[in-house]
2 protein chains.
Amino acid sequence: MEISIAVSALSAIAQESRLEIFRYLVQAGKNGVPAGKIAERLDLPASTLSFHLNQLKQAGLLTCRRESRTLFYSANYDSMNDLVAYLMENCCQGQEENCDLSIACVPEEKKK
Amino acid sequence: MEISIAVSALSAIAQESRLEIFRYLVQAGKNGVPAGKIAERLDLPASTLSFHLNQLKQAGLLTCRRESRTLFYSANYDSMNDLVAYLMENCCQGQEENCDLSIACVPEEKKK
DNA sequence: TTGATATTTCCATATTTCTAAAAATATCAA
DNA sequence: TTGATATTTTTAGAAATATGGAAATATCAA
């Protein structure tokens with residue numbers, strides 16, 4: 001991964017409203033949530049929300065699809081995965097003992 | 001995890017020099033690296049590096065120890081782990097099928 | 001002491017980011 | 001068409017962040 005891509009993604013979620021939006025969408029699942037519902041849930045003016053959604057989308061962390069007048073936003077799980085992998089790259093230097101991080105170190109059966 | 005803590009950590013690494021520093025230290029291991037060596041490696045003026053190291057330290061992502069005139073900085077693996085866990089919290093909504101992220105979903109035998 | 005090394009703190013300037021009102025766009029239903 | 005709904009784009013000022021030189025601090029060795 002290019003470092004500039006990682007910085008974009010991290011900048012996108014390094015802001016309270018956007019981190020809330022992102023986590024909400026990660027938990028909401030693949031089907032996504034209408035922009036209006038996000039605005040209501042986080043109590044944000046439409047234009048402010050739209051600005052933040054755009055930042056997240058530009059960073060590749062969200063996708064959206066239109067259904068009539070409604071735009072459904074959803075988290076891009078692959079991007080999140082790549083970002084996390086980039087952060088943790090080589091954290092164990094080949095030594096398992098360094099890697100009792102509970103999240104890092106992908107088990108073999110999960111690797112693609 | 002408090003969202004403000006997560007935002008601090010993400011803001012700290014959402015900047016190219018700091019992300020380079022952090023990844024370098026993650027890969028360098030628990031023993032850490034002298035500030036001077038980091039400055040040389042990343043070709044940064046001492047004061048600029050010091051500013052960035054402080055941001056990372058304030059965010060809880062680095063620790064440092066002094067050894068005579070030298071300050072050794074090292075990555076805080078636990079913070080990184082907690083941050084990643086926070087991002088991915090509930091990403092599967094209980095359904096394994098959503099979680100073919102190669103990194104997420106901690107295998108039972110790795111949980112503390 | 002003194003001088004050298006390693007690093008941080010202070011400071012001013014330059015740049016980026018955040019916010020939300022107002023205006024614009026897209027879509028639908030009558 | 002027209003009016004209503006859902007959302008984005010534009011805009012501009014306020015706030016936050018990045019940069020690096022100069023000065024300050026901490027430590028060591030002679």
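Predicted, not measured: the structure shown is a model, and the values here were computed from it. Below, read A as the first sequence line, B as the second, and so on, with proteins coming before strands; counting in each chain starts at 1.
Using modelled atom types, one side-chain atom of A:Q27 and one backbone atom of B:E89 make a donor-acceptor pair closer than 3.5 Å. Within the 3.5 Å criterion, the main-chain N or O of A:V26 finds a donor-acceptor partner in the side chain of A:Y77.
Remark: DNA chain D forms stems of 3 or more consecutive Watson-Crick or G-U wobble pairs, all pair distances under 3.5 Å, at C:1-30 with D:1-30.
Heavy-atom minimum distance, B:A35 versus B:Y73: CB-CE1, 4.1 Å. Closest approach of A:L83 and A:M1 over heavy atoms only: N-CE, 4.0 Å. Closest approach of B:F22 to B:A75, counting heavy atoms only: CE1-CB, 4.1 Å.
Near DNA chain D, meaning a heavy atom under 4.0 Å away, the residues from residues 44-62 of chain A are A:A46, A:S47, A:S50. Taking every heavy atom of residues 6-16 of chain B and every atom of DNA chain C, no pair lies under 4.0 Å.
Taking a heavy-atom distance under 4.0 Å as the criterion, the stretch of DNA chain C touched by chain B extends 5' to 3' from C:dA4 to C:dT9.
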Which atom pairs, donor and acceptor, lie under 3.5 Å between side-chain atoms of residues 42-68 of chain A and protein residues at least two apart or in another chain?
unit_1 : atom_1 : unit_2 : atom_2 : d
A:H52  : ND1    : A:R18  : NH1    : 3.0
A:T63  : OG1    : A:S74  : OG     : 3.4
A:R65  : NE     : A:E67  : OE2    : 3.4
A:R65  : NH1    : A:N31  : O      : 2.7
A:R65  : NH2    : A:E67  : OE2    : 2.9
A:R66  : NH1    : A:S68  : O      : 3.2

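Taken from CG in B:N76 to CG in B:D82, the straight-line distance is 8.5 Å, to the nearest 0.5 Å.
Legend: side chain to side chain donor-acceptor pair (under 3.5 Å) pairs involving residues 1-14 of chain A, not counting sequence neighbours: none detected.
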Any chance you could lay out the side-chain contact (heavy atoms from CB on, under 4.5 Å) test for B:Y24 and B:I38, step after step, and finish with the verdict? CA-CA 8 Å; B:Y24 177 37; B:I38 303 173; 4.1 Å; yes

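Linking ILVMFWY side-chain heavy atoms closer than 4.5 Å, directly or via other members, places A:I5 and A:V7 in a single hydrophobic cluster. Transitive grouping of hydrophobic side chains (ILVMFWY, heavy atoms separated by less than 4.5 Å) brings A:Y86 and B:M80 into a common cluster.
Within a 6.0 Å sphere centred on CD of A:E40, other residues, nucleotides and ligands contribute 12 heavy atoms or fewer.
A:L19 places a side-chain heavy atom less than 4.5 Å from the side chain of A:R23.
Both B:S17 and A:G36 lie near DNA chain D, and the one whose nearest nucleotide falls closer to the 5' end is A:G36. Along DNA chain C, the nucleotide nearest to B:Y73 and the one nearest to A:R69 differ in position, and the one closer to the 5' end is contacted by B:Y73.
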